[in-house]
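Taking it in order: structure first as structure tokens, then the write-up.
Keep in mind that what you see is a predicted model, and the values were worked out from it rather than measured. As a basis for the values below, the full set of heavy atoms in this structure was taken, side chains included, without hydrogen atoms, waters or symmetry mates. Read the numbers this way: they start at 1 and go in the same order the structure lists the ligands and their atoms.
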Amino acid sequence: MCGIVGYIGTKKASPILINGLLRLEYRGYDSAGISTVEKNGLSIMKDKGRVLNLTKLEGIDDLEGTIGIAHTRWATHGKPSPENSHPHQDNSKTFSVVHNGIIENYHELRKFLTDKGYTFYSQTDTEVIPNLIHYYYTNDKQNDTLKFLRAVRNACFDLKGSFALEILCKNYPDNMIVVRKDSPLVIGKGMGENYISSDIPAILSFTKDFYLLNDLEFVILSRNEAKFYNKDLEPIDKKPKVIEWNASSAEKEGYEDFMLKEIYEQPTAIRETIGAKFSENSKCEFENLNFTKEYLSSLNKIYIVACGTAMHAGLVAKNAIEKLCKIETEIDIASEFRYRDPLVDEKTLCIFISQSGETADTIAALKLSKEKGAKTLAISNVIGSSITREADYAIYTHAGSEIAVASTKAYTSQVVLLVILAIYFAEILELDNSYVTNLKKEILELPKKIEETLKLSEKIKEFSKKVYQEHDIFFIGRGIDETVAKEGSLKLKEISYIHSESYAAGELKHGPIALIENGVTVIGIMTDPNLVEKTISNIQEVITRGAKTLVITNQPIDTSMFDMMIQIPDTHPFISPILSIIPLQLFSYYISKEKGLDVDKPRNLAKSVTVE
Ligand code: M6R
């Protein structure tokens with residue numbers, strides 16, 4: 001939610017900032033703005049709408065400053081408008097601030113500042129920040145080099161909630177201060193220049209050396225230096241981390257949309273995620289994990305906690321963990337888990353999945369589990385993300401950066417990683433799982449089978465053209481296929497805006513079948529040989545009531561009763577969702593294209609949900 005970019009160096013800042021904002025637009029796209037240090041003070045240019053609107057503002061090309069901050073917004077407080085856009089300034093225009101996060105006590109702070117004579121022009125929570133900094137700055141009687149820093153620190157101490165901030169001060173034209181708490185922010189170190197961003201891919205083409213900030217670490221940036229301070233303003237030493245990502249993964253590389261590119265990157269993402277963790281005849285190993293038989297045997301329960309698609313990956317893993325490790329496994333939505341006083345203690349292992357590693361609810365759920373004494377394991381796609389730094393253990397999917405709001409390759413990578421984790425646990429527990437060798441063989445064959453599945457795209461496009469004008473589409477399945485129905489339905493809703501529901505196929509008769517009438521589309525997923533006949537019966541029931549049907553299966557079944565059938569390669573049931581979701585990802589993609597929508601940036605959504 002909201003993207004932040006900053007630059008401090010010798011080049012003209014505005015084109016670098018705008019370029020960075022375009023790369024971060026997937027985090028929010030309601031409005032955009034920049035502030036640079038110009039000869040005559042701090043400039044501000046901002047407007048509602050996409051970053052492209054910003055580039056059309058009169059005077060933007062004339063900005064000469066080599067230091068600047070920028071923001072692309074996903075509105076929380078106050079509708080998208082020029083006033084509510086960032087950067088925000090204090091009344092005297094001494095400070096410019098961009099902010100990602102939410103200030104929960106902004107009403108209180110606004111009142112405090114209003115009583116002191118400050119006035120406000122926006123409805124945002126952010127506007128209190130520059131004024132609060134100004135308040136502390138003007139009340140500080142020492143006039144040394146750290147006055148700006150002290151004012152920022154004191155203001156941050158008053159803020160409740162989450163924030164990543166970039167701050168300029170017209171009295172310190174060669175500096176910028178940045179700080180974060182529960183919202184992402186990284187600093188990219190260049191030669192005689194520094195870049196700031198909400199995430200690594202946006203500035204990966206400039207540098208591979210990144211400083212990762214912990215909560216309430218303050219940084220004074222100049223062209224040649226980054227000075228770090230802890231919350232007591234004592235200097236701290238920080239070394240940059242080298243991030244070996246490929247900058248081209250943040251480009252479309254000839255694909256029309258990031259989502260399509262990311263769907264097609266799944267064979268590579270899965271191959272990279274499997275890496276060298278095992279071979280058909282060797283045990284699974286994770287570089288960063290050292291679980292023991294004693295610890296795993298002591299567990300009463302494993303919790304998997306996540307949001308959205310990441311939570312759906314957890315649902316798939318439950319089956320594999322329970323069957324392979326014989327440990328009860330519960331899946332929960334992070335925003336529910338954190339507020340329901342879950343039964344978690346030192347006998348619980350809590351696994352948190354987050355592609356971005358910055359999802360506010362997931363991070364809060366992780367912190368809660370730690371407080372309750374559980375060991376925590378984070379699964380993320382982003383090295384050094386908040387969740388991985390907060391957890392006791394962290395392992396990574398290697399899907400490459402995922403830009404499209406709709407998650408595709410991250411989901412399939414999460415599923416494969418979780419199943420490998422389940423095998424790793426089972427091997428430590430020395431459980432007799434005769435089918436593990438075959439499962440490993442099937443995992444290793446996944447990239448090839450995904451490639452085969454992707455070849456079905458034309459057939460799926462054809463079906464999408466038939467149904468893109470529908471108002472309701474149902475997804476049904478049983479067992480592992482029900483988890484895929486959930487993910488397929490979420491994908492469709494978020495990028496096509498078609499109302500969609502997913503149901504356990506056996507549940508239809510208990511209510512939802514009342515909604516089935518002539519022409520309604522029902523998509524059935526059936527990959528579990530033990531359940532396929534049962535799901536066919538349920539599909540038969542909807543056909544009888546006039547439904548149009550698409551079936552995704554890897555089983556040899558009679559196709560004559562369905563409007564279309566997509567035959568995918570067969571594999572082990574624990575990992576079948578990795579193949580069966582692909583036609584559904586493509587289905588949602590083609591429907592969205594057919595409707596002429598913005599596939600990568602669907603309305604009301606943002607890639608990284610850093611507010612609760
Ligand atoms: O970054 P995370 O994996 O924590 O994100 C969780 C969800 O916000 C995310 O999966 C969301 O549901 C996607 N837009 C789904 O495509």
Side-chain angles (χ1 to χ4, degrees), residues 1-3 26-29 74 100 182-184 198-201 257-260 262-263 266 269 273 304-317 331-338 351-366 378-388 390-391 394-397 399-415 417-418 483-484 486-497 500 502 577 581-582 584-589 592 598-612:
M1 311 248 136
C2 301
Y26 68 90
R27 300 179 67 92
Y29 26 87
W74 187 87
N100 172 23
D182 296 332
S183 281
S198 300
D199 70 22
I200 291 169
D257 304 276
F258 278 112
M259 183 179 176
L260 191 62
E262 288 159 8
I263 291 173
Q266 289 180 106
T273 301
I304 302 184
V305 182
C307 303
T309 288
M311 192 274 291
H312 291 162
L315 289 175
V316 178
I331 316 299
D332 211 349
I333 297 167
S335 55
E336 292 295 315
F337 179 88
R338 65 183 285 193
I351 302 177
F352 299 87
I353 316 170
S354 174
Q355 184 284 127
S356 61
E358 302 296 346
T359 299
D361 283 320
T362 312
I363 296 170
L366 192 156
I379 296 185
S380 179
N381 196 36
V382 180
I383 294 167
S385 55
S386 302
I387 197 177
T388 63
E390 213 40 78
I395 55 174
Y396 292 94
T397 49
S401 54
E402 192 182 64
I403 306 285
V405 165
S407 183
T408 53
K409 61 177 181 172
Y411 167 78
T412 45
S413 304
Q414 285 158 354
V415 171
L417 191 65
L418 284 158
T483 68
V484 177
K486 284 195 160 67
E487 174 57 10
S489 173
L490 172 63
K491 225 62 328 155
L492 183 72
K493 296 189 205 17
E494 63 180 334
I495 60 166
S496 76
Y497 316 149
S500 157
S502 65
I581 193 60
I582 289 171
L584 300 180
Q585 294 170 342
L586 287 164
F587 175 68
S588 307
Y589 173 81
S592 178
D598 186 339
V599 179
D600 288 337
K601 299 188 193 93
R603 71 183 179 204
N604 305 341
L605 295 174
K607 181 69 181 165
S608 178
V609 185
T610 54
V611 294
E612 69 170 297

Q. Atoms of ligand 1 less than 4.0 Å from A310 heavy atoms?
A. 3 (O), 10 (O)

Q.
Strictly distance-based, threshold 3.5 Å: is any side-chain N or O of Q414 a donor or acceptor partner for the main-chain N or O of T397?
A. no

Q: Look up atom CG in L417 and atom OG1 in T273, then write down how far apart they are to the nearest 0.5 Å.
A: 6.5 Å

Q.
What protein heavy atom lies closest to atom 6 (C) of ligand 1? Include the residue and the distance to one decimal.
A. C307 O, 3.4 Å

**Q.** Mode of E494 contact toward ligand 1 - side chain, backbone, both, neither (heavy atoms, under 4.0 Å)
**A.** side chain

Q. What are the atoms of ligand 1, with element, lying closer than 4.0 Å to any heavy atom of A406?
A. 16 (O)

Q) Is the closest side-chain donor-acceptor distance between E358 and S386 under 3.5 Å? A) yes

Q) Can you tell me if Q585 and T408 form a side-chain donor-acceptor pair at under 3.5 Å? A) no

Q) Does the side chain of K491 come under 3.5 Å of the side chain of T309 through a donor N or O and an acceptor N or O? A) yes

Q.
To check your reading of the model: name the closest protein heavy atom to atom 8 (O) of ligand 1, its residue, and the distance in Å.
A. V609 CG2, 4.0 Å

(Q) As an exercise, identify every atom of ligand 1 less than 4.0 angstrom from a heavy atom of T309. (A) 10 (O), 12 (O), 15 (C), 16 (O)

Q. For atom 1 (O) of ligand 1, which of P602, A404, A313, S356 has the closest heavy atom?
A. S356

Q) Do S588 and S496 meet the criterion of a side-chain donor-acceptor pair at a distance under 3.5 Å? A) no

Q) Hey, which atoms in ligand 1 end up nearer than 4.0 Å to a heavy atom of K491? A) 15 (C), 16 (O)

Q: Find all atoms of ligand 1 within a distance of less than 4.0 Å from any non-hydrogen atom belonging to S407, and give their numbers and elements.
A: 15 (C), 16 (O)

Q | E487 side chain to H312 backbone, donor-acceptor under 3.5 Å | A | no

Q.
Any nitrogen or oxygen of Q414, side chain or backbone, less than 3.5 Å from one on ligand 1?
A. no

(Q) Among all protein heavy atoms in this structure, tell me which lies nearest to atom 5 (O) of ligand 1, with the distance rounded to 0.1 Å. (A) T359 OG1, 3.6 Å

Q: Taking S380 for its side chain and Y396 for its backbone only, find out whether a donor-acceptor pair lies under 3.5 Å.
A: no

Q) Any nitrogen or oxygen of S354, main chain or side chain, under 3.5 Å from a nitrogen or oxygen of ligand 1? A) yes

**Q.** H312 near ligand 1 by a heavy-atom separation under 4.0 Å
**A.** no

(Q) Please work out, at 4.0 Å between heavy atoms, whether the side chain, the backbone, both, or neither of M311 comes within that distance of ligand 1. (A) neither

Q | Option from L492, L260, L584 for which side chain to side chain contact (heavy atoms under 4.5 Å, CB included) with Y589 holds | A | L260

Q: Please lay out, stage by stage, how I353 and L418 fare under the test side-chain contact (heavy atoms from CB on, under 4.5 Å).
A: CA-CA 10 Å; I353 316 170; L418 284 158; 3.6 Å; yes

Q: May I ask you to check if ligand 1 and V405 share an N or O to N or O distance below 3.5 Å?
A: yes

Q.
Starting from atom 3 (O) of ligand 1, what is the nearest protein heavy atom, named by residue and atom, and what distance separates them?
A. Q355 N, 2.7 Å

